[in-house]
Amino acid sequence: AKAAGRGRWVRYDPAMVAEESARYALSADMPDALERGEFTLVYQPIVALPGQKLLGLEALVRWRHPELGLLPPDRFIALAEETGFIVPLGRHVLRQACRQAAVSFPDHDLFVSVNLSVAQTQEDSLVSDIGEALVAAGLPASRLQLELTESALMSPHGAGLRALRTLADGGVRVAIDDFGTGYSNLAYLRSLPVHTLKLPRPFIAGLDQAEQGGAPAVEEQIVDALVRLAHAIDLTVTAEGVETYAQAQRLSALGCDTAQGWFLGPAYPPEQLRRLAVGQPAT
Ligand code: C2E
Ligand code: CA
Ligand code: CA
């Protein structure tokens, strides 16, 4: 037992100790795993509403761990953020996403959307890293979208706002991920170099209830209000986590511009991307 201040005592829990050492082993293994090419991407379609025309893809990182199998990001992103490894990992994700988009869709203007962690936006090299990834891939800036959380954008000292403005001026699109879950300053939103609000799955999941008659569910009122707000300041809206036909219908009726989710398409490995573009008119 160990003294934990103010005369309280905390017992060491063997399960917690085991978990802590597993976390440690995982984070210690990340740099080699990156070298070995174990971090790969899958791509989820982002489609127009209504009509479901393919417009772009969100890149989602996976760790193909030799012993533990395919690890989803909630197993390692927070760890990588704690250790700072998210910066080299994020750079790898950006390069890979730009390259795979350019190779898979050479004749289309489909965009690729990449998640950025706060730590990445604070790097002095953000603009040059992204510039280099685009040039190395031969991908026009207009075909890259960056997804940042509200906290990354709203904290005045934190976010590399100047960097984002430079990138946006260069044609890169910026989306706010999981909009409505943080503490956005709505007045400030207008002055940010942002093009799109992404509404998180819990709001969208509530849209099914609205179908059953009576007063619209509170989620429906929130989505309605956010779509109006976004359009009033010339932003577009992407709904995330669309799992049913009814949700897609409601979102179209509410004027939501674009959507993604299992109903509209799963995340595909890069080998399958070329096939996705077939049947999509080249532009
Ligand atoms: P996110 O950016 O909000 O990504 C959406 C998550 O929802 C993805 O989980 C996706 O697979 C999942 N999803 C998509 N459609 C549906 C649906 O219809 N129903 C349900 N239940 N889920 C759906 P994933 O891939 O496990 O990613 C989780 C989170 O990890 C992401 O949330 C993002 O915050 C983070 N992440 C993923 N890739 C990266 C990356 O390259 N860099 C950073 N910094 N974070 C990443
Ligand atoms: Ca995202
Ligand atoms: Ca999201």
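As the structure lists them, so they are numbered: ligands from 1, and atoms in each ligand from 1.
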Near the Ca ion (ligand 2) (protein N/O/S, cut-off 3.0 Å, waters excluded) we have E58 OE2, N115 OD1, E147 OE1, D177 OD2

Go through the side-chain N and O atoms of T236 and T196 and say whether any donor and acceptor fall under 3.5 Å apart. yes

Decide side-chain contact (heavy atoms from CB on, under 4.5 Å) for I130 and L146; before the verdict, give the C-alpha distance in whole Å, the side-chain angles of both, and the deciding distance to 0.1 Å. CA-CA 10 Å; I130 289 174; L146 304 172; 3.7 Å; yes

Main-chain N/O of T40 paired with Q96 side-chain donor or acceptor, under 3.5 Å: no

Measure from every N or O atom of ligand 1 to the protein's N or O atoms and keep only the pairs below 3.5 Å, writing each with atom names and distance to 0.1 Å.
residue, atom, partner, partner atom, Å
ligand 1, 2 (O), E58, OE2, 3.2
ligand 1, 2 (O), N115, OD1, 3.2
ligand 1, 2 (O), D177, OD2, 3.1
ligand 1, 15 (N), Q44, NE2, 3.0
ligand 1, 18 (O), W262, N, 2.8
ligand 1, 19 (N), E243, OE2, 2.5
ligand 1, 21 (N), R201, NE, 3.2
ligand 1, 21 (N), R201, NH1, 3.3
ligand 1, 21 (N), E243, OE2, 3.0
ligand 1, 25 (O), R62, NH1, 2.9
ligand 1, 25 (O), R62, NH2, 2.9
ligand 1, 38 (N), V61, N, 3.2
ligand 1, 44 (N), S117, OG, 2.9

Please determine whether a side-chain nitrogen of the Lys or Arg among D224 and R250 lies less than 4.0 Å from a carboxylate oxygen of the Asp or Glu. no

State whether K198 and E240 are salt-bridged, where the test is any N-O pair (Lys NZ or Arg NE/NH1/NH2 against Asp/Glu carboxylate O) under 4.0 Å. yes

Tell me, please, whether F111 has R173 positioned over its six-membered ring: NZ or CZ under 6.0 Å from the ring centre and within 45 degrees of its axis? yes

In plain terms, say whether E38 and R62 are close enough for a salt bridge, that is, a side-chain N and a carboxylate O under 4.0 Å apart. no

How about F85 and F76: are their ring centres within less than 6.0 Å of each other? no

I'd like to know whether D208 forms a side-chain contact (heavy atoms from CB on, under 4.5 Å) with Q247, so could you lay out the CA-CA distance, the side-chain angles of the two residues, the decisive distance to 0.1 Å, and finally the verdict. CA-CA 6 Å; D208 279 330; Q247 290 166 359; 2.9 Å; yes

